[in-house]
Structures are given as structure tokens and as C-alpha cells.
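Report on one structure; see the data block that follows.
Each chain gets a letter, A, B and so on, in the order the sequences are listed, and its residues count up from 1. Any value given below was found using the heavy atoms of this structure, including those in side chains, with hydrogens, waters and symmetry copies removed.
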2 protein chains.
Amino acid sequence: MSTHPTGRNAALADVQPAGPEPAVAAPAASHRVAAFLREAILSGEIAPGERIRQEDVAERIGGSRLPVREAVRMLEAEGLIEYETNKGARVPVLGMREVDLIYQMRERLEPLALIESIPRLTDAHFDELGDIQAQIEQGVDVASFLQLDRRFHLLTYSLCEFDALTSMVIRLWNATQHHRRMFMALIGSGQRWVVNAEHNLLLESLRRRDAVDAERYLQGHIRRTRIELSRHPEVFDRT
Amino acid sequence: MSTHPTGRNAALADVQPAGPEPAVAAPAASHRVAAFLREAILSGEIAPGERIRQEDVAERIGGSRLPVREAVRMLEAEGLIEYETNKGARVPVLGMREVDLIYQMRERLEPLALIESIPRLTDAHFDELGDIQAQIEQGVDVASFLQLDRRFHLLTYSLCEFDALTSMVIRLWNATQHHRRMFMALIGSGQRWVVNAEHNLLLESLRRRDAVDAERYLQGHIRRTRIELSRHPEVFDRT
DNA sequence: TTGAGAGATATTGGATCCATTGGAGGCTTC
DNA sequence: GAAGCCTCCAATGGATCCAATATCTCTCAA
């Protein structure tokens, strides 16, 4: 197992193993609540369309409603929840066209993050990426695949040092997390060899530090997934 | 004077003349505070690096600190302010590389918004765009130019109905507002004929509904501005 | 049976209070 | 005179209270 490369980007901390704890101030409670809600939404514990009651969250967190309110405002600005005055927050229900557009945004933005990251990637990163890909190829279950795939891609962007870009990329991933899970559960591991081929081609071009090839493979990877998704409208069924 | 086209996108409401007031709920105070702060930052009233004290804002708004705190969280998530726990909020100071990257993000995202918008644009929009461009060509001052230029571009995106995209575009504009103002003040109206040419080419391709040409002109317009900006490092001097 | 309306309940919006933290300024000490 | 420490003040973090709004429910009448 390779040593874990050190990340530079705070927004990508979740794909970076926690090194020795840096002397950074503890985040305010509102940030912890936001992280808690983010996780609950991404894991599917809170489903799209479901309402989020501030008091419930406050109780589960063990605090007052105030940090929850701040967290809700943050997630609202992130686009992870919808908010109506006096009516509260709920997880948005995205249709196919919206998800398709988010994938188009990813097609355009993620290559940029990759290009910024490539020159700084180290052998340790390539080893780690290889390890992740090896795990994926062992045929893991859907939940593990989603986690490893996310980790794989975000790791390739991890040395892009621009928070405005990396946080945007993460938000786009987050916004479609639910649909990705539905989609993978639907197709199972059927087409997973395509993903493996694409990941390996991408990784190979990264090792060569060939930004042109890497951008092409990455964009194709996202684009193919987008088109595949559009062929499965049942993913967007609101039942 | 053309009638003002009706916009569909809430995020672009600021470039759409306010029609008959829709029966929409009054925004919560936190949103009004956020709009107030946004305007203060974009206008330069609050300069980059300057600290924002919650009590001051609450006093100017005539409310308590609570809505201000929520607004600060929103603007933090928007990237318009930086926040440190227990230390408060301040307007970030962006360096040349960061602004350059934001322009690269714009190069990739704004054509997407334009492509989505083009099929729905009406003659009324083209007339309005022509009016704006005519005003620009009369040689207005820097402040008016910035306002008209913003209005011109955002109007071309106004019929893109995806909030995730349009709000992102607006945030990218907002993030570099200060540098755009510095830059324009620096070069005066010297190179403005280039902008005029680009705007007219873009507008012409829009009238033809030629998405390919429009995307090319728009991307070139942003890219040229980015490179021009990179030739004026004095815009980023922190004095 | 169903629809409308009034009242009850639940939830969010805002203000105020107190605790905690950061920082400025003065003081001591070497 | 400068570095380090301590104290005080200012600003933020969080909890609780009350008001305003929305939502649910029960009743009553068509």
C-alpha cells in the first residue's frame, strides 16, 4: 500500500487521508452541522423531496436550532437543498434535464481542475490511484464503487489549488449523488468494464503527464456517462 | 426603445426589468442582508481585505445580528467573502492566478449557458441587446460601462433556465468585479473598440441563432480579456 | 360524502442574553 | 530597548425566548 499523498486543497480533504492533525481551529458548529446534513443527503438517508426540520437536526446534533439555521443557509447557497421562506428546507428533486446539464458542466470544469493538478501529482498519487482502481476492478458492490470512484476522480484533482474550482466540482458531484446511486444500482456491474478501461487510460495518461490526452479521456468518460444516464429515464422516476 | 423581454431565471432577475410584481413571498431578512452586502462588495464600498463586522451591518440594516450571521454564511458559501471561526468575515483578496482561473472557468461555463439560452431568445431580446451595445458605443464612463457590459452578457444568458449554471456564472462575475473595475479604470476607453467589435459579432451570431459561432465569439471574448488582464499585474497590487 | 372554514398545532423568523474567543495595549523583565 | 506576558475590551458563538407564518385537523354544512 502506498503512502498517502499529502493534499493541498481544503475542499478535497475528504479524499485525503487525515495526516497529523494540523493546528487548525475547530470549525464552528454550523460547519459541523452542514457536514452532517451533507453526509445525510449524500448517503440517501434524507431522500430527494424530503423536508428537513430544523428542530430535528438540532436534537440529533445535540445543540440549539441556531447553528442548524446557519448550516441550512450554507447548504442552500451550495445548491444542496432548496429553501422557501417560512416553509423550510427540502432536498431538491432534479429532473433528467437538470442532471444532464450538471454533467455538461462537469465535462467542461473537471478537465480544467485536472490540468491544474497534473503538474503537481507525484508517484505516490499514481500508486494510490492504482490501488483504488484495483479495488474497483475486484468487483465491489454499488456503495463501495460509488465511494471509490468518487475518491479516484477527486484524488486526480486534489493538487488543483483553487478552491473556487474544486469546491464547484465537488458540489456538482454532490448534486447528482442520488442519481448516480440509482443508476449504478440499476445497471449493476454490467458496463463496469467500460469504466475500468476509461479509468486505466486516464491513469496512464496521467502517469505520462499528458494533459491533452488526460483531458480527452476525462471528458469522454463524463460525457459517456451522461449519455448513458439519459438512456435510463427510470432513474428519474418520482415514485 | 424596445419592450423589455421577460426573463425566466430568478438568478438573473437583476438584469431583467422588474415587471408587475409577482405574487412571490417576501424574501427572508437574511436574503435581504445578503443582497445588501453583495451590492456593497460589488460596488467597492467594502474593499477587498476589509473586515465585515456583524454588528455594524445589523445596525445599518436596522435589525439584529442574527439575519446578518445567516447572510454571512450564505456569502461564505458563495465565495464572495472569507470566513474564519471566531475571527469573522472579510472580502477575499484575489491574486492574478486566481482571477485568471476564474476567467478560465467562465470561458468554459458561459458558452454552455449561452447555448441553452439561444433557442429561446426573442427579437425583443435582440433589440434590448442592441440598445445596450449602442449605449456602450457612445463612450460611457467606467462605472456605466461595467454595468452595461454585465447587463449585456447576462441578458444573453437570461433564458437559460438552469439555476445551477446561471447562479454559478453570476458568482464568477461577482468574484472578479473589483478587478474588472480596476482594469477598466486603468486602460480607460483605449481598447474599447475591440470589445465593441466582439459584442457586435456575438450579437450578430445570436440573431442568426448560430450557436457554434456564438460560442466561439463568446469564448474568444472572455479569453482575450483574460490575457489582457494578465498583462496588467498592477491591477492586483495590494497597496 | 365532500368541501370550506376555524381553530389548534407545528415550524420557522427574529431579538436578546450570556459565554467564549481573539486581539490590542500596557506592563514587567531581561 | 525589546521580547514576552497579562489584562481588558471588542467581536463572534450559541441558547433561549417570543412572534409570525404555515400546516394540520376537526367540525359543520351543502
Side-chain angles (χ1 to χ4, degrees), chain A residues 10 21-38 40-41 45-93, chain B residues 10 21-38 40-41 45-93:
Chain A
E21 200 61 38
V24 70
S30 49
H31 281 116
R32 286 188 294 111
V33 176
F36 171 82
L37 284 175
R38 220 177 273 121
I41 293 170
E45 188 186 337
I46 306 178
E50 192 170 335
R51 184 168 174 189
I52 298 173
R53 269 180 293 275
Q54 298 176 1
E55 198 107 35
D56 291 354
V57 179
E59 197 173 338
R60 290 195 55 177
I61 287 288
S64 79
R65 262 179 55 217
L66 201 146
V68 179
R69 287 167 66 169
E70 292 182 327
V72 163
R73 294 303 187 189
M74 291 192 274
L75 297 180
E76 179 192 11
E78 280 185 32
L80 200 59
I81 63 176
E82 282 175 339
Y83 202 84
E84 270 184 293
T85 304
N86 284 325
K87 292 175 76 173
R90 59 180 63 244
V91 181
V93 178
Chain B
E21 200 61 39
V24 70
S30 50
H31 281 116
R32 286 188 294 110
V33 176
F36 171 81
L37 284 175
R38 218 178 273 121
I41 293 170
E45 187 187 336
I46 305 178
E50 191 170 334
R51 185 168 175 189
I52 298 173
R53 269 179 293 274
Q54 298 176 0
E55 199 109 36
D56 291 355
V57 179
E59 197 171 340
R60 290 195 55 177
I61 288 289
S64 79
R65 262 178 55 218
L66 201 146
V68 179
R69 287 167 67 170
E70 293 183 327
V72 163
R73 295 302 187 190
M74 292 191 273
L75 297 180
E76 178 191 13
E78 280 185 31
L80 201 60
I81 63 175
E82 282 175 339
Y83 201 85
E84 270 185 294
T85 304
N86 287 321
K87 294 175 76 173
R90 60 180 62 243
V91 180
V93 178

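At the phosphate of D:dG13, OP1 or OP2 sits under 4.0 Å from a side-chain N or O atom of B:Y83. At the phosphate of C:dT21, neither OP1 nor OP2 sits under 4.0 Å from any side-chain N or O atom of B:K87. A sub-4.0 Å separation between OP1 or OP2 of D:dG13 and a side-chain N or O of B:Q54 is present.
Separating the CD1 atom of A:I61 from the C1' atom of D:dG13 is a distance of 16 Å, rounded to the nearest angstrom. B:E70 has its CD atom 7 Å from the P atom of C:dG14, to the nearest Å. Rounded to whole angstrom, the span from the CZ atom of B:R90 across to the C1' atom of C:dG23 amounts to 12 Å. Atom CD in A:E76 sits about 14 Å away from atom C1' in C:dG13, given to the nearest Å. If you measure from atom CD of A:E84 to atom P of D:dT23, you get 8 Å, rounded to the nearest angstrom.
Under a 3.5 Å cut-off, the side chain of A:R90 and the backbone N or O of A:G49 do form a donor-acceptor pair.
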Could you check B:R73 against A:H31 for side chain to side chain contact (heavy atoms under 4.5 Å, CB included), going step by step and ending with a plain yes or no? CA-CA 9 Å; B:R73 295 302 187 190; A:H31 281 116; 3.5 Å; yes
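Note: B:E70 CD to B:R65 CZ = 12.0 Å, rounded to the nearest 0.5 Å. The structure places CZ of B:R51 at 12.0 Å from CD1 of B:I81, a figure rounded to the nearest 0.5 Å.
Atom CD of B:E59 has 12 or fewer heavy atoms from other residues, nucleotides or ligands within 6.0 Å.
Below the 3.5 angstrom threshold, one finds no donor paired with an acceptor across the side chain of A:R69 and the base of D:dG14. The base of D:dG13 sits with one of its N or O atoms less than 3.5 Å from a complementary donor or acceptor on the side chain of B:R65.
Closest approach to the A:S64 side chain among C:dT12, D:dT16, D:dA22 is made by D:dT16 (side chain taken as heavy atoms from C-beta onward). The A:N86 side chain lies nearest to C:dG13 when the options are D:dG13, C:dG13, D:dT12. Distances were taken from every side-chain heavy atom of B:E55 (C-beta onward) to each of D:dG14, D:dT12, C:dG14; the shortest belongs to D:dT12.
Within the 4.0 angstrom heavy-atom criterion, only backbone atoms of the sugar-phosphate kind lie near A:I52; the bases stay farther away.
Ranked by how close their nearest DNA chain D nucleotide is to the 5' end, A:R51 and A:A28 are led by A:A28. Between B:R53 and B:L66, the residue whose closest nucleotide on DNA chain D is further toward the 5' end is B:R53.
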